[in-house]
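Note sheet for the following structure.
Because the structure is a prediction, the values reported are computed rather than measured. Residue numbers begin at 1 in each chain, while the letters A, B, ... track the order of the sequences.
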Protein chains: 2
Amino acid sequence: MYALNGKWKISIISSICCFGKRRFSDILNDVEGISNRMLSKELKELEINQLVKRTILDTQPITVQYELTEHGNTLQTIISNLAEWGVVHRNKITGKKVESIETSCNEKIDV
Amino acid sequence: MYALNGKWKISIISSICCFGKRRFSDILNDVEGISNRMLSKELKELEINQLVKRTILDTQPITVQYELTEHGNTLQTIISNLAEWGVVHRNKITGKKVESIETSCNEKIDV
DNA sequence: CTGAATCCAGATGGATACTG
DNA sequence: CAGTATCCATCTGGATTCAG
């Protein structure tokens with residue numbers, strides 16, 4: 001089941017989960033290299049899949065806040081596992097030893 | 001870290017892990033809808049990433065056997081988790097209740 | 001049987017400009 | 001600020017054919 005396709009979904013989820021709530025432009029900065037066009041599209045898909053919740057704040061100018069739904073949170077464990085495996089894998093492939101594994105929310109996830 | 005991109009990798013790994021060892025044409029049958037071109041390509045990538053091991057059997061005509069490497073096996077847990085989450089997710093989205101979750105190796109994984 | 005080669009349609013995604 | 005629209009290059013993957 002890949003409601004997770006697209007190049008950025010995991011990074012986006014990580015960004016949001018890391019802060020709890022996050023604005024559009026914040027995510028735009030967090031996720032290196034993504035364009036607003038893509039971010040908009042991916043967020044929309046995540047919203048349709050009920051993984052993130054979108055809230056329009058009545059500020060001036062308007063801001064929009066994104067947060068993980070309860071359901072989205074159930075993904076965190078899996079993403080952590082993936083990230084952890086990814087680290088081990090990278091080291092395996094590049095032939096380095098695994099010194100330490102950190103999978104805090106702040107860690108950048110390579111895609 | 002996506003050494004897992006491509007439409008079929010997870011299905012292929014599932015097929016192999018399910019039987020331990022699997023020939024090219026067997027996988028071709030297991031994974032519904034894949035073409036030999038894709039299977040060939042995806043297997044090659046998996047091999048490069050040291051997730052599967054390729055063995056040429058000296059039969060007539062030649063057959064090739066694929067099996068998961070030790071490293072590939074470490075992915076099984078994660079894939080199971082993903083599959084399990086996928087089932088829950090599907091039911092969530094379609095609004096059905098989750099009756100039971102089976103994540104045996106025989107289960108088909110929807111991609 | 002395994003798998004490489006070619007052809008080609010459609011999806012993906014970057015850059016940029018524009019709107020409310 | 002948040003998003004949409006357009007243009008366009010590249011990537012993906014299916015069908016088919018060929019080769020060892």
message = Expressed as a whole number of angstroms, how long is the span from Phe24(A):CZ to dA2(D):C1'?
response = 6 Å
request  = Write down the distance between CD1 (Ile12(A)) and C1' (dA2(D)), rounded to a whole number of angstrom.
outcome  = 14 Å
Output the single nucleotide from [options] whose closest atom is nearest the side chain of [X].
{"X": "Arg23(B)", "options": "dC1(D), dC1(C), dG14(C)", "result": "dC1(C)"}
{"X": "Pro61(A)", "options": "dG14(D), dC1(D), dT2(C)", "result": "dC1(D)"}
{"X": "Asn36(A)", "options": "dG13(C), dA17(C), dA2(D)", "result": "dA17(C)"}

query = Quick one: do Glu42(B) and Lys7(B) make a salt bridge, cutoff under 4.0 Å?
reply = no
Are any of [X]'s side-chain N or O atoms less than 4.0 Å away from OP1 or OP2 of [N]?
{"X": "Tyr66(A)", "N": "dC1(D)", "result": "no"}
{"X": "Lys44(A)", "N": "dT4(D)", "result": "yes"}
{"X": "Lys41(A)", "N": "dT4(D)", "result": "no"}

task = For Glu84(A) and Asn81(A), test the side chains for any donor-to-acceptor distance below 3.5 angstrom and give the result as yes or no.
result = no
Got a list of side-chain donor-acceptor pairs under 3.5 Å for residues 57-67 of chain A, not counting sequence neighbours?
residue: Thr59(A); atom: OG1; partner: Pro61(A); partner atom: O; Å: 2.8
residue: Thr59(A); atom: OG1; partner: Thr63(A); partner atom: N; Å: 3.2
residue: Thr59(A); atom: OG1; partner: Thr63(A); partner atom: OG1; Å: 3.1
residue: Tyr66(A); atom: OH; partner: Arg54(A); partner atom: NE; Å: 3.4

Test item: Thr69(B) and Val52(B) side chains (from C-beta on) under 4.5 Å apart, heavy atoms = no
inquiry  = Between the base of dT6(C) and the side chain of Arg37(B), is there a donor and acceptor pair under 3.5 angstrom?
reply    = yes
